[in-house]
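First the structure, in the form of structure tokens, and then the observations on it.
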Amino acid sequence: MSSSHPYLKKLLQCIELEEKEQVKRYSLDQQHTLKSLKAEGLALHPIMITRKNFGYADYPEITFRINFPSETNQFKDGAAIECFFSGEEPIKGVLLNLEGKQGECRLYAPDFPDWIEDNGVGIKLAPDQRTTTILKSALNEVENSPNSIKLFEKIHGESPVEKTTTSSQSLPLNYKNQRLNESQQKAVQAITQNENITIVHGPPGTGKTTTLIEGILQLINVGEKILVSAPSNTAVDNIAKGLLLQGIEVLRVGNTSKVDEVLFAHTPEGKLANSKQQKEIKQLKIRAEEFRKMALKYKRSFGKAEREQRNLLFKEVKSIRTEIKKLQAYNEEKLYASAQVIAGTPIGLYDSKIKQFTFNTLVIDEAGQCIEPMAWCIFPLAEKYVLAGDHLQLPPTVLNFEAARMGLQNSILEVCIERVNAVFLLNTQYRMRATIAGFSSNYFYNNLLQTAGHLIDTGVHLSFIDTAGSGLNEASGSNGMSLQNEGELAIALKLIATENLDPSKTAFISPYAGQVAAAKELLPKEMRISTIDSFQGQEQHTIILSLVRSNDEGEIGFLKDYRRMNVAITRAKEQLFVIGDSATIGGDAFYHSFLTYIENKSCYRTVWEFEL
């Protein structure tokens, strides 16, 4: 750790702690058996390999199936993984995607291991050392750059970052999108007049993406070159697609295996697909494949000479792959020069070697989910910044308790919102009925969040089903999984039947992974079933929220993170059913005010109406 600035030092320390935590948590050893890793949702085993192929830059890729119920919420796209088989050296890789029981990963190896299709292969989460290395070097670079250290001191300084006084005579904007409301228009104006940092605070359903797209269009209009980023691929894709619809020249960089078809043509890989250079790369790939096949003739049981021959052939494969990468980098550089907007996650942008280009504005969406060191990977690439998100929803995930306590869990949005004067609240939500939005507006947004006219209530849209006194208590899940509550699942099933809910338009969410795993076994397959954390950013016609906690001690565990509840109760568009035990949660001030809101709106129901 070479930094001398105390807060930079602290952030570097946090990254070290987080890295150690990952190593500790994900390792397969005496303390962490395969069974315990599976129970914690950190390993998928056994998997069945359904396809093998060589992907971009000629890395081996596998497609696999999981044939049994598994806890997969922590297996996010782009997660660092290891592919393992008992008694063999595991192979590092990256999870490209996992949906339902189907997944794909890329292996960082010259070839598929001999055991890849044997029975008993698994994948587990692994420490993401690549990302932590990038975060450390980004933080160490802050002090070496006059612009970065100036920005750092502004964000962490004593006096607030003032709004730059722009002339009030600034020209009225010609909005591409004529349907923006007044608060959205103000935010777009602020983006166009921004000379430093502007924050767009977008509570649930307030049209944050729509506003950002309009702001970016206005900046391009005056000749700016823009970077767009967000910690999740989905958020990056949403903005990229919106810009493409407006005819903007977007280049989507990073892990392109999971971008949707619409965007693939706008990735470097997609753009180069039919070029002359690609034909050259194809020839190199064929040569690499020939050497590979020759090497594979030498199986692992051969003697020393054969092993050396095999290693030489693999060395040749590796050098061809390096040549392929160089060619790709050369071709990509030309694409970077012509794009109006380059979009990717912070690591995707950092990796894409675009430092030699000047970008006027960097837009970070979902900035409330972005840890500060991640932002420093990309801050140096631009001159001005727009941060968008909602610091009153879930913060970034940090594994190490001490690192979280020291401030790593504070997102870049949370850090900046304290210091920046130019904060623009989007104040009208278009997602949910007024009763569903009401409690959040009161508790989190000082009653400033209004509901669009067409969403005024037309019946009962919110219900709390109280299990107090019914004996439907929480229990530890099987295999040491997190908490479950069978009684609440039984109520969910009854609700689907008695309220005639359409399973394909209904989602079941819960704070506890154990409850989610149990729900996947019991509830209709067409339903989306997810932890609250994985459902952030999504919405559904009807939501059933199971709080799980029901005990005599009034213990509520991580229901204490009220921001998680803010996410949970703002996902439903038409109907929200909350199942919980008022006796367990009512002792907490936040839940007490929620229950009072329920009573005032006459949304209270009791478990006794259900014949369980």
Side-chain angles (χ1 to χ4, degrees), residues 73 202-206 366 368-369 389-397 429 431-445 449 451 461-467 474 482-485 488-489 491-492 495 501 505-520 523 527-550 556-582 584-586 588-598 601 603-605:
N73 282 312
T206 51
E366 281 188 353
Q369 284 268 295
D390 183 10
H391 55 297
L392 302 172
Q393 292 183 61
L394 277 167
T397 307
Q429 67 84 17
R431 173 184 296 162
M432 55 209 131
R433 294 286 178 177
T435 320
I436 299 176
F439 177 72
S440 254
S441 177
N442 299 350
Y443 191 92
F444 292 99
Y445 304 106
L449 185 59
T451 292
H461 299 282
L462 170 65
S463 308
F464 178 79
I465 295 128
D466 193 358
T467 66
E474 66 191 58
S482 78
L483 292 175
Q484 297 179 354
N485 189 317
E488 292 191 5
L489 290 174
I491 296 168
L495 277 171
L501 302 182
K505 290 184 176 172
T506 304
F508 175 92
I509 61 175
S510 174
Y512 289 93
Q515 184 75 333
V516 167
K520 283 180 177 170
L523 300 182
M527 279 178 73
R528 281 154 69 188
I529 299 169
S530 165
T531 58
I532 296 167
D533 298 45
S534 297
F535 210 74
Q536 174 150 311
Q538 299 180 54
E539 57 183 40
Q540 185 58 293
H541 178 280
T542 303
I543 294 276
I544 300 173
L545 165 61
S546 165
L547 297 181
V548 177
R549 299 313 299 247
S550 177
I556 64 169
F558 62 63
L559 289 189
K560 265 273 182 223
D561 192 337
Y562 307 141
R563 293 182 291 185
R564 183 173 281 108
M565 279 305 289
N566 189 27
V567 171
I569 58 180
T570 54
R571 303 301 102 199
K573 297 196 271 189
E574 281 292 323
Q575 285 284 339
L576 170 62
F577 297 96
V578 182
I579 309 170
D581 178 345
S582 64
T584 300
I585 64 173
D588 177 274
F590 169 83
Y591 290 98
H592 178 73
S593 50
F594 178 65
L595 293 168
T596 307
Y597 178 81
I598 293 287
K601 296 283 180 190
C603 303
Y604 180 86
R605 293 167 69 175

Value for OG1 (T596) from CG (N442), rounded to nearest 0.5 Å, stands at 11.5 Å

I want to check something: taking the side chain as every heavy atom from C-beta on, are R571 and P204 in contact at a cut-off of under 4.5 Å? yes

Q | K520 atom NZ, neighbour heavy-atom count above 12 within 6.0 Å | A | yes

**Request:** May I ask you to decide if L595's main-chain N or O and Y604's side chain share a donor-acceptor pair within less than 3.5 Å?
**Result:** no

Review item, side-chain donor-acceptor pairs of residues 538-545, under 3.5 Å, at least two apart:
from : atom 1 : to   : atom 2 : distance (Å)
Q538 : OE1    : R528 : NH2    : 2.6
Q538 : NE2    : S534 : O      : 3.1
E539 : OE1    : R431 : NE     : 2.9

Could you tell me if the side chain of L462 sits less than 4.5 Å from the side chain of Y597, heavy atoms only?
yes

Worksheet entry | Close side-chain approach of L489 to S546, heavy-atom, < 4.5 Å | no

- Query: Is the closest side-chain donor-acceptor distance between Q515 and S510 under 3.5 Å?
  - Reply: no

Note: Q484 and G514 closest approach over all heavy atoms is NE2-O, 3.2 Å

Sub-4.5 Å side-chain heavy-atom contact between Q429 and P203
no

d(I585 CD1, L559 CG) to nearest 0.5 Å is 7.5 Å

Across all chains, not counting sequence neighbours, the salt bridge (Lys or Arg N to Asp or Glu O under 4.0 Å) partners of R605 are E499, E609

Taking every heavy atom of T451 against every heavy atom of A434, the minimum-distance pair comes out as OG1-CA, 3.8 Å

Note to self: Could you walk me through whether F577 and L501 satisfy the side chain to side chain contact (heavy atoms under 4.5 Å, CB included) test, starting with their C-alpha distance in whole Å, then the side-chain angles of each, then the deciding distance to 0.1 Å, before giving a yes or no?
What the structure shows: CA-CA 11 Å; F577 297 96; L501 302 182; 4.0 Å; yes

message = Quick check: do I569 and S440 have side-chain heavy atoms less than 4.5 Å from each other?
response = yes

Residues passing the ring pair (Phe, Tyr, Trp, His ring centres under 6.0 Å) test with Y443, sequence neighbours excluded, are F439, F590

Across all chains, not counting sequence neighbours, the salt bridge (Lys or Arg N to Asp or Glu O under 4.0 Å) partners of E574 are R433

Those residues at least two apart in sequence (or on a different chain) that pass salt bridge (Lys or Arg N to Asp or Glu O under 4.0 Å) with D533 are R564

Check the pair Y512, R549 against side chain to side chain contact (heavy atoms under 4.5 Å, CB included), reporting the backbone distance first and the verdict last.
CA-CA 9 Å; Y512 289 93; R549 299 313 299 247; 2.9 Å; yes

So does L394 get a backbone contact from the side chain of Q369, meaning a donor-acceptor N/O pair under 3.5 Å?
yes

**Request:** Determine whether N566 and D390 make a side-chain contact, defined as any pair of heavy atoms from C-beta on separated by less than 4.5 Å.
**Result:** yes

In short, P396 meets G368 closest at the heavy-atom pair CD-O, 3.5 Å

Rounding to 0.5 Å, atoms NZ (K505) and NZ (K573) come to a distance of 9.0 Å

Handout entry: Side chains of V578 and L547 in contact at under 4.5 Å (non-hydrogen atoms)
Key = yes

Worksheet entry | Pair L495-I465, side chain to side chain contact (heavy atoms under 4.5 Å, CB included): steps then yes or no | CA-CA 10 Å; L495 277 171; I465 295 128; 3.8 Å; yes

Heavy-atom closest pair (A568 atom, I532 atom, distance to 0.1 Å) is CB-CD1, 3.7 Å

If only side-chain N and O atoms count, and only distance matters, is there a donor-acceptor pair under 3.5 Å linking E474 with S550?
no

Hits for salt bridge (Lys or Arg N to Asp or Glu O under 4.0 Å) against K560, two or more places apart or cross-chain, chain-then-number order -> D588

Output yes when a side-chain donor or acceptor of S441 lies under 3.5 Å from a complementary backbone atom of A437, and no otherwise. no

In short, Q536 meets V567 closest at the heavy-atom pair OE1-CG2, 3.0 Å

Tightest non-hydrogen contact, residues P395 and D561, listed as CD-OD2, 4.2 Å

F464 and D466: side chain to side chain contact (heavy atoms under 4.5 Å, CB included), yes or no, with the steps?
CA-CA 6 Å; F464 178 79; D466 193 358; 3.7 Å; yes

